[in-house]
Amino acid sequence: MKAIRIQEFGPPEVMRIEDVALPVPSADQILIDIKAVGVNPVDTYIRAGLYGSRKFPYTSGIDAAGVVRQVGEAVGHVAVGQRIFISGSVSGTYAEQCLCHGMQVHSLPDNISFSQGAALGVPYGTAYRALFQRVHAAAGQMAFIHGASGGVGLAAVQFAKAAGLKIIATAGTEQGRQLLLEQGADLVLDHHVPGHFDKVLDFTDGQGVDILLEMLANVNLGKDLTVMAKKGQVVIIGSRGPVQIDPRDIMSREISILGTMSSLASEAEKTQAYKAIETGLTDGTLCPVIAQELPLSEAAKAHHAIMESAHCGKIVLIP
Ligand code: NAP
């Protein structure tokens with residue numbers, strides 16, 4: 001089978017497509033024929049060597065969707081031929097096939113394409129965790145999704161909309177802002193325009209927002225704190241460096257700043273998130289948006305694209 005292999009940390013070009021042996025599942029494993037691979041920013045951080053050591057060579061990738069090809073005898077909940085999506089694997093998802101443990105494999109409804117299925121695991125798991133496990137988002141609250149045109153942000157808009165929150169959402173392009181309006185955001189702003197924070201205060205009659213999900217805290221956190229309601233909660237999802245804040249902004253309105261890391265979810269929390277994702281896919285409130293499909297061999301191009309921003313939705317590789 002073909003797989004994207006990494007022999008050393010470095011720029012996107014260290015990813016090479018190679019022929020490797022088809023893996024054989026043990027009793028508690030599942031072999032998947034991959035139809036689409038979700039590209040996440042974390043794949044690029046791992047490839048660049050920012051997330052600790054790896055045993056080389058390795059195959060990149062966390063998210064994918066496909067069809068079950070072979071099932072170990074101890075696995076009960078999936079059948080050969082079943083459409084599934086995965087988040088996490090034993091052998092890496094940038095490949096034509098991959099091995100998974102049973103708990104990494106989830107049923108994919110017929111109304112969701114394989115590319116959309118590949119957009120679920122990390123983005124929707126993270127958005128759910130931020131909104132409903134790190135804070136307890138509830139109908140009527142005002143949520144500010146700061147960086148809403150990407151994989152996690154769009155998932156958060158859809159979850160928040162379904163839960164009855166009011167939504168302020170940002171994108172850096174006209175196309176992204178149009179998409180966010182179509183997704184049901186109540187106010188859409190451009191995060192590259194410095195004055196957008198004033199518009200958040202105007203829209204909330206000076207009260208500020210109850211919940212803020214931040215995709216680029218190193219740029220925005222200091223100003224984020226100035227648009228929070230009393231006892232408002234900021235959840236940091238993404239950050240690419242240090243940032244200066246004024247702690248008086250936190251004190252004066254008793255703001256909470258929380259971080260989230262999807263990999264720290266417990267098994268019970270993951271089960272809760274996947275149940276919510278399944279419910280949303282089935283009732284139509286969740287529907288992943290695909291920005292671009294590229295062949296698996298163009299994984300390096302996908303890594304450049306995801307770090308350059310300005311894509312609306314998810315970048316997907318097709319084996
Ligand atoms: P993505 O698809 O590449 O989206 C990136 C988003 O950031 C886009 O909406 C982009 O908007 C927006 N953005 C760009 N400049 C911004 C600015 N100045 N202020 C606010 N937003 C800005 O990535 P993703 O998968 O959604 O992930 C978003 C971030 O969360 C990444 O940093 C990722 O590493 C992180 N993340 C963390 C976890 C976790 O567990 N903590 C899990 C998943 C992802 P435009 O392109 O429209 O400008």
Side-chain angles (χ1 to χ4, degrees), residues 37-48 50-51 61-63 87-88 115 118-135 144-159 167-181 183 185 188-197 199-200 212-224 227 234-241 243 257-266 269-270 273 288-292 302-317:
V37 182
V39 177
N40 288 299
V42 68
D43 303 342
T44 75
Y45 313 150
I46 295 169
R47 185 217 70 234
L50 304 176
Y51 270 30
I62 297 170
D63 289 342
S87 193
S115 288
L120 290 169
V122 170
Y124 281 73
T126 301
Y128 182 86
R129 181 163 180 74
L131 281 169
F132 304 112
Q133 292 176 341
R134 298 301 289 138
V135 301
F144 180 15
I145 301 170
H146 210 180
S149 49
V152 179
L154 280 163
V157 169
Q158 293 174 3
F159 271 126
I167 302 165
I168 302 171
T170 71
T173 64
E174 188 52 46
Q175 190 194 354
R177 291 188 287 281
Q178 184 57 40
L179 174 63
L180 292 172
L181 283 176
Q183 294 282 320
V188 169
L189 299 170
D190 181 348
H191 43 235
H192 298 310
V193 173
H196 76 279
F197 290 98
K199 291 192 174 155
V200 172
L212 191 156
L213 304 191
E214 181 53 62
M215 303 303 153
L216 203 55
N218 55 301
V219 173
N220 297 318
L221 187 60
K223 290 290 271 182
D224 286 345
V227 299
V234 181
V235 186
I236 299 174
I237 296 177
S239 187
R240 293 179 180 166
V243 60
I257 304 177
L258 302 151
T260 192
M261 186 53 73
S262 54
S263 56
L264 293 183
S266 66
E269 287 170 329
K270 283 184 198 162
V289 177
I290 304 306
Q292 195 179 5
H303 276 207
H304 281 293
I306 198 159
M307 294 310 280
E308 277 157 14
S309 223
H311 46 273
C312 300
K314 193 78 201 161
I315 297 173
V316 168
L317 296 170

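From a predicted model like this one, the values you see are computed outputs, not experimental measurements. One-based numbering along the sequence shown. Ligands are counted one by one from 1 in listed order, and the atoms in each one are counted from 1 as well.
Of all protein heavy atoms, the one closest to atom 37 (C) of ligand 1 is I237 O, 2.9 Å. In terms of protein heavy-atom proximity, atom 20 (C) of ligand 1 is closest to N220 ND2, 3.3 Å. The single protein non-hydrogen atom nearest to atom 23 (O) of ligand 1 is P41 CG, 3.4 Å, given as residue, atom name and distance. Shortest contact from atom 2 (O) of ligand 1 to any protein heavy atom: G151 N, 2.9 Å. Here the protein heavy atom with the shortest distance to atom 14 (C) of ligand 1 is S309 OG, 3.5 Å.
Not one N or O on the side chain of N40 forms a donor-acceptor pair closer than 3.5 Å with the backbone of V42. A distance-only check finds no donor-acceptor pair linking the side chain of Q292 to the backbone of H311 [under 3.5 Å].
Within the structure, ligand 1 has T260 among the residues with a heavy atom less than 4.0 angstrom away. The shortest heavy-atom distance from N40 to ligand 1 is not under 4.0 Å. The closest approach between any non-hydrogen atom of G176 and ligand 1 is not below 4.0 Å. Not a single heavy atom of M307 sits less than 4.0 Å from an atom of ligand 1. The shortest separation from a heavy atom of A148 to ligand 1 is under 4.0 Å, placing the residue in contact. Under a 4.0 Å heavy-atom criterion, H311 is in contact with ligand 1.
Residues H146 and L216 fail the side-chain proximity criterion, which asks for heavy atoms closer than 4.5 Å. For the pair V289 and Q183, the minimum side-chain heavy-atom distance is below 4.5 Å.
In this structure, atom 5 (C) of ligand 1 has its sub-4.0 angstrom surroundings free of protein heavy atoms.
In this structure, CZ on F197 lies 13.0 Å from NZ on K199, to the nearest 0.5 angstrom. In this structure, the separation between CG on L212 and CD1 on I168 is 9.0 Å, given to the nearest 0.5 Å.
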